[in-house]
Amino acid sequence: MDHDVDRTPEPAWVEHVMWWHVYPLGFVGAEIRPSSSADSGDDRPVEHRLGHLESWLDHVVDLGLNGLLLGPVFASSTHGYDTVDHFRIDPRLGDDDDFDRLVTAAHDRGIRVLLDGVFNHVGREHPAFRALAEHGPDAETAPLFAVDWSGWQPGQPVPVGSFEGHDILVALDHASPATEDLVVQVMTHWLERGVDGWRLDAAYAVPPAFWATVLPRVRERFPDAWFSGEVIHGDTAQIVRESTMDSTTQYEMWQGIWHGIADRNCYELAHAIERHDELLATFAPSTFVGNHDVTRIASAVGEGFVGHAIAVLFTVAGTPSVYAGDEFAWTGVKEDREGGDDAVRPTFPPGPPEVTGTSAAVLHAHQALVALRRRHPWLHRAHTDVVHLDNTALVLRTATDREAVVTALNLSPDPVVLPAADATRVEAGAGDLRDGTLRLPAAGWAVLTR
């Protein structure tokens, strides 16, 4: 059955935005796992740390990026995704004035700001949920949660669902008008404060019909806001059509990039790109090679192959983001244990470090590729053809009827000669272009234009 609903076009500014993705609590060195429950409560002292992030905004501009994608900034008990107050900045980060100053500083530099909206669940310490333990079904906030109260007695645990088995995360009831009203209120509150849109955390766990009700209400007041949902599996095009979201996270492309490079299997990467192309008739996906939930790209593929990964990221369609630190080829492995995210969510120094060697090469590659994409905004929705393909070599051509960008990768330890696909100029990377062919060095890459 077709459940498509009317969708508005994405805002015009999105064609030109490229994000720098930050996990704020880690970035500023806040304590993620408090030593006692008292340390995670309402009595936390305000620590004005957001200025640390503000001091990096000129670096964002130096990269050529113009968007700041913030992880959770609202009051929470631990890692930010267990929200206890959607209307208060986490005191480990600062207060309203600190946040307003950060947004103003970003906008003064032409940088858009995206917030992380955790609307699938709240933290168990959220006052709305604590009220259920005290008042049961008579609590004013009871409609926010799907609870079967039959047989419940005061003093017993509230029988509510958790998110993916995480006891500290309590699922909201997305069939409830109360939840719909809360999310609309939160979104509009922060849009009024100047943010430009929302990343919708765990959007895959929320019925698309919920977003299809909420987002039009928000767009009535803020038609220029952008909404990108975290979707890690499923028919993303259909989810976008049913939900009215503008975009979703492109995990299939991320996996194709790092697996294809790490395994020296360009067929997997080419397949992911072909699947990616099929989505463009519906939406422009949110593309990335790193985020706060995955092993850093330099650890996944090796520092010497980060350039290959970002060459693909910045020359295929989508709305790309750089996970802060990846531009320096920082390493970090995500592990499936408590604290297993810490390595990919480190504290940042006071300002950008001086870099040499591989780190400098990766930084310069980011700058060159961002600049290339800035000159060719049509890449946002352009289709990509696979021109050459074998296990360790790939040539892609992303084009309109007038312009073309060619991306060539060599994953082998030997030089290779590849078709140049009518390109006439090397824009980034290293390659020798002559007589319609491109010679790449061992483990080399290049991006060319026609």
Student: A quick test of your reading: do over 12 heavy atoms of other residues, nucleotides or ligands sit less than 6.0 Å from CZ of R275?
Tutor: no
Student: Taking atom types as modelled, is there a side-chain donor on Y81 or N120 under 3.5 Å from an acceptor on the other?
Tutor: no
Student: Report yes if the side chains of R101 and V103 come closer than 4.5 Å at any heavy-atom pair, otherwise no.
Tutor: no
Student: Is there a donor in the side chain of R92 and an acceptor in the side chain of S76, or the other way round, less than 3.5 Å apart?
Tutor: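 Yes, side-chain donor-acceptor contact under 3.5 Å.
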Student: Does CD in E354 sit with more than 12 non-hydrogen atoms of other residues, nucleotides or ligands closer than 6.0 Å?
Tutor: no
Student: Would a line drawn from the ring center of F74 to the ring center of F87 be shorter than 6.0 Å?
Tutor: no
Student: Walk me through it: do Y323 and F288 pass the test ring-ring contact (aromatic ring centres under 6.0 Å, His included)?
Tutor: CA-CA 8 Å; Y323 185 51; F288 61 94; 9.7 Å; no
Student: Tell me yes or no: between the side chains of S243 and R7, is some donor less than 3.5 Å from an acceptor?
Tutor: no
Student: Kindly assign one of parallel, tilted or perpendicular to the pair H126 and H86, based on the angle between their ring planes and the thresholds 30° and 60°.
Tutor: tilted
Student: Any donor-acceptor pair under 3.5 Å linking the side-chain atoms of T358 with those of E303?
Tutor: no
Student: Determine, for Y23 and R345, whether the Lys NZ or Arg CZ falls below 6.0 Å from the six-membered ring centre while staying within 45 degrees of the axis.
Tutor: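 Verdict for Y23: a cation-pi partner in R345.
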Student: Taking the ring centre of each residue, are W19 and H21 less than 6.0 Å apart?
Tutor: no
Student: Hey, does D201 have a side-chain heavy atom less than 4.5 Å from the side chain of F119?
Tutor: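 Side chain of F119 against side chain of D201, heavy atoms only: no contact under 4.5 Å found.
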Student: Determine, stepwise, if the pair S286 / S228 fulfils side-chain hydrogen bond (donor to acceptor under 3.5 Å, both in side chains).
Tutor: CA-CA 7 Å; S286 298; S228 180; 2.6 Å; yes
Student: Testing the 3.5 Å rule here: is there a donor-acceptor pair between the side chains of H376 and E403?
Tutor: yes
Student: Under a plain distance cut-off of 3.5 Å, with no hydrogens placed, do E274 and H383 share a side-chain donor-acceptor pair?
Tutor: no
Student: Which label fits W258 and W254: parallel for a plane angle under 30°, tilted from 30 to 60°, or perpendicular past 60°?
Tutor: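 Rings of W258 and W254: tilted, as their planes differ by 30° to 60°.
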Student: Would D385 and R397 count as a salt bridge (charged side-chain N to carboxylate O under 4.0 Å, His left out) if you check the C-alpha gap in whole Å, the side-chain angles of each, and the deciding distance to 0.1 Å?
Tutor: CA-CA 5 Å; D385 293 317; R397 185 176 185 273; 5.1 Å; no
Student: Parallel under 30°, tilted from 30 to 60°, perpendicular over 60°: which one fits the rings of H308 and F305?
Tutor: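 Answer is tilted, since the angle falls between 30° and 60°.
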Student: Any luck finding a side-chain donor-acceptor pair between T236 and T248 under 3.5 Å?
Tutor: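 Distance-only check fails for T236 and T248.
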Student: So does R217 pair up with E180, basic N to acidic O under 4.0 Å?
Tutor: yes
Student: Could you tell me how the ring of F328 sits relative to the ring of W330: parallel (under 30°), tilted (30 to 60°) or perpendicular (over 60°)?
Tutor: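 The rings of F328 and W330 sit tilted, inter-plane angle from 30° to 60°.
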Student: Between E327 and H59, does any side-chain donor sit less than 3.5 Å from a side-chain acceptor?
Tutor: yes
